[in-house]
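Residue numbers begin at 1 in each chain, while the letters A, B, ... track the order of the sequences. The shown structure was predicted, so the numbers you read here are calculated from the model rather than taken from an experiment.
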Number of protein chains: 2
Amino acid sequence: MNFSVSEENYIKSIYHLQQQTATVTTNSLANELRTKPASVTDMLKKLQTKQLVEYEKYRGFKLNATGNKIALGIVRRHRLWEFFLVNKLGFEWDKVHAIAEELEHVSSMELIKKLDAFLNFPQTDPHGDPIPDTNGKITVIKQLSLADIAVKKNVVVSSVSNQSPEMLEMLKHYHIGIGTSLKVNKHFTFDGSVEIKVVQQNPCVISEQVAKNIFVHHD
Amino acid sequence: MNFSVSEENYIKSIYHLQQQTATVTTNSLANELRTKPASVTDMLKKLQTKQLVEYEKYRGFKLNATGNKIALGIVRRHRLWEFFLVNKLGFEWDKVHAIAEELEHVSSMELIKKLDAFLNFPQTDPHGDPIPDTNGKITVIKQLSLADIAVKKNVVVSSVSNQSPEMLEMLKHYHIGIGTSLKVNKHFTFDGSVEIKVVQQNPCVISEQVAKNIFVHHD
DNA sequence: CATTTTTTTTAGATTTACCTAAATTTAAAT
DNA sequence: ATTTAAATTTAGGTAAATCTAAAAAAAATG
């Protein structure tokens, strides 16, 4: 089956919201899509008749198996394009989201297959998020945010969950990117801020808000 | 100003039809876009209020200077993407048109600028058609079709005007591509067919219809 | 637990890009 | 120069995706 750009955006947003809460509300989706709740209700009826969501009036909704697979296809396209934009065209990683948002809707199977090969079958996008495979299988790596990491452990940054230009500009300032090695010196219980030591950099303090968005794994 | 995908498609099609006839008719545009004449009239009123076309009721229309510049921007994007698809992703040149048709509407200046640099500033697309520069300047190369070439002159294929899969499949069979050297052995006046000799191939006869679509320049 | 607040849905409009069918204008043909 | 044919436009309508305002349902609160 074929989907409109609008339908694909709804499916993708439901998918992303489900990473936080198993069932998604009308308001939260309207907020995510910068649209109005009434519009969400309209579209959800449509997605329901197309058998992509489980939806009960006033009770929220979630993608069913079919919807999930379609969402993963969109996510795959988005992340492959982001990889292309950063690693081939030389974009900064805080500038690619909006462009990938357009490219992801280009609907050729063959294109994505060849793009994947051209990029050498990357496993993660420039923010460290895993790229689903052709069958919609996604390798979720268990990861902890810097807010939850014990002091003195050497860790490697594996992904950054907030991809806003503001956040990514700040990371650049701290010399933090995917693959950066660092350790936590201290957790300040007063405000949750964290002192970290990035290799070859002076120690610095980051706010709790920042720490919660930086995910790491042990090396 | 910003244009919808539909508006862009109309602008691009008017541009292409103007290569043949200075002024374009409602029917020919409807035919090109596989839509109905009434829809063309609707859209043309819109393009007129947006000051992109000169349009007089019942008299046909053409792009004005602004419209032309926008058309050349779209053509530029289309041809850069075609170059990318063939020379980077390894598509056959008869498979790229439909995909480039989608990619051309992705609306980031920065994307096209960086894509152009990544491709090393190509001058022509895979069919030999020139790629307009950033300012909408296009270098039109004076070229003759095989139907108009004198016998025994060595020529090089510079472009192919019909990009249908059927045509391009046939060219592959004759071992003809952009840059191929060949000469005309004979013009048959009976049906306009042409015997040609492609280097390292046996002589063969192509129909007038094919000959008229293959453009060459002297080497 | 009744009531206020919040969330969600319905009802009815709007915009864009189409369409069909009928009317109008232009072009062609006898 | 009429008449016929073809091309174009108008009129009115549809589907997709929005919206606002009002109604209905669920959740929160005193």
Side-chain angles (χ1 to χ4, degrees), chain A residues 1-14 17-18 20-63 67 70-71 74 101-102 104-105 107, chain B residues 1-15 17-18 20-63 67 70-71 74 101-102 104-107:
Chain A
M1 202 185 259
N2 223 16
F3 301 101
S4 71
V5 169
S6 193
E7 287 169 337
E8 288 194 349
N9 283 333
Y10 273 86
I11 294 165
K12 190 182 55 160
S13 291
I14 297 171
L17 289 172
Q18 278 191 228
Q20 313 283 147
T21 54
T23 167
V24 178
T25 67
T26 302
N27 264 0
S28 64
L29 184 52
N31 185 59
E32 176 88 0
L33 287 164
R34 293 151 161 280
T35 184
K36 295 291 178 291
S39 307
V40 170
T41 303
D42 283 350
M43 180 59 90
L44 257 108
K45 283 182 194 161
K46 202 173 154 198
L47 296 180
Q48 189 181 30
T49 61
K50 290 200 175 188
Q51 314 234 48
L52 302 173
V53 292
E54 283 170 37
Y55 168 47
E56 231 183 323
K57 265 192 183 180
Y58 296 103
R59 290 277 118 130
F61 39 84
K62 57 175 133 179
L63 296 172
I70 289 157
I74 303 166
E101 204 111 280
E102 291 192 63
E104 75 192 8
H105 301 294
S107 63
Chain B
M1 203 186 255
N2 224 16
F3 302 102
S4 72
V5 170
S6 195
E7 287 168 337
E8 287 194 348
N9 283 332
Y10 274 85
I11 294 165
K12 190 183 54 161
S13 290
I14 298 170
Y15 173 85
L17 290 171
Q18 278 190 227
Q20 312 282 148
T21 55
T23 166
V24 178
T25 68
T26 303
N27 263 358
S28 65
L29 185 52
N31 185 58
E32 176 89 0
L33 287 164
R34 294 151 161 279
T35 182
K36 294 293 178 292
S39 307
V40 171
T41 302
D42 282 352
M43 180 59 92
L44 256 107
K45 283 182 193 162
K46 202 172 155 198
L47 295 180
Q48 191 181 29
T49 60
K50 290 198 174 190
Q51 313 235 48
L52 300 174
V53 292
E54 284 170 36
Y55 169 47
E56 231 182 323
K57 265 192 182 180
Y58 296 103
R59 289 277 119 127
F61 40 83
K62 57 174 131 180
L63 295 172
I70 288 157
I74 302 166
E101 204 110 281
E102 290 192 63
E104 74 192 9
H105 301 295
V106 175
S107 63

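Taking only side-chain nitrogens and oxygens, Ser39(A) never comes nearer than 4.0 Å to OP1 or OP2 of dT18(D). Applying the 4.0 Å criterion to OP1 and OP2 of dA6(D), one finds that Asn27(B) has every side-chain N and O outside that range. Thr35(B) has a side-chain polar atom (N or O) that falls below the 4.0 Å cut-off from OP1 or OP2 of dC19(C). Contact between the side-chain N/O atoms of Thr26(B) and the OP1/OP2 oxygens of dT9(D) is found at a separation under 4.0 Å.
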Distances under 3.5 Å only, N/O to N/O: pair up the protein atoms with those of nucleotides 11-16 of chain D.
none

Check: protein-nucleotides 23-29 of chain C nitrogen or oxygen pairs below 3.5 Å:
from    : atom 1 : to       : atom 2 : distance (Å)
dT26(C) : O3'    : Arg59(B) : NH2    : 3.4

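With rounding to whole Å, Leu44(A) atom CG is found 8 Å from dT9(C) atom P. Protein atom CD of Gln48(B) is 10 Å distant from nucleotide atom P of dT9(D), rounded to whole Å. Between the CD atom of Glu56(A) and the C1' atom of dA26(D) there is a distance of 13 Å, given to the nearest Å. Atom-to-atom, CG of Asn9(A) to C1' of dT18(D) comes out at 14 Å; the value is rounded to the nearest Å. For the pair Lys36(B) NZ and dA21(C) P, the interatomic distance rounds to 11 Å; values are reported in whole Å.
Residues that satisfy the side-chain hydrogen bond (donor to acceptor under 3.5 Å, both in side chains) test with Glu101(B), not counting sequence neighbours, are Lys12(B), His97(B). Legend: residues meeting side chain to side chain contact (heavy atoms under 4.5 Å, CB included) with Thr41(A), ordered by chain and number and at least two apart, are Thr26(A), Lys45(A), Tyr55(A).
The listed nucleotides are dT20(D), dT10(C), dT9(D); the one nearest the side chain of Thr41(B) is dT9(D).
Pairs of residues two or more places apart, or lying in two chains, never qualify as salt bridge (Lys or Arg N to Asp or Glu O under 4.0 Å) while including a residue from residues 25-40 of chain A. Within the structure, salt bridge (Lys or Arg N to Asp or Glu O under 4.0 Å) contacts touching residues 47-58 of chain B (residues at least two apart or in different chains) are Glu7(B)-Lys50(B).
If you check every strand for non-hydrogen atoms under 4.0 Å, Phe61(A) touches nothing.
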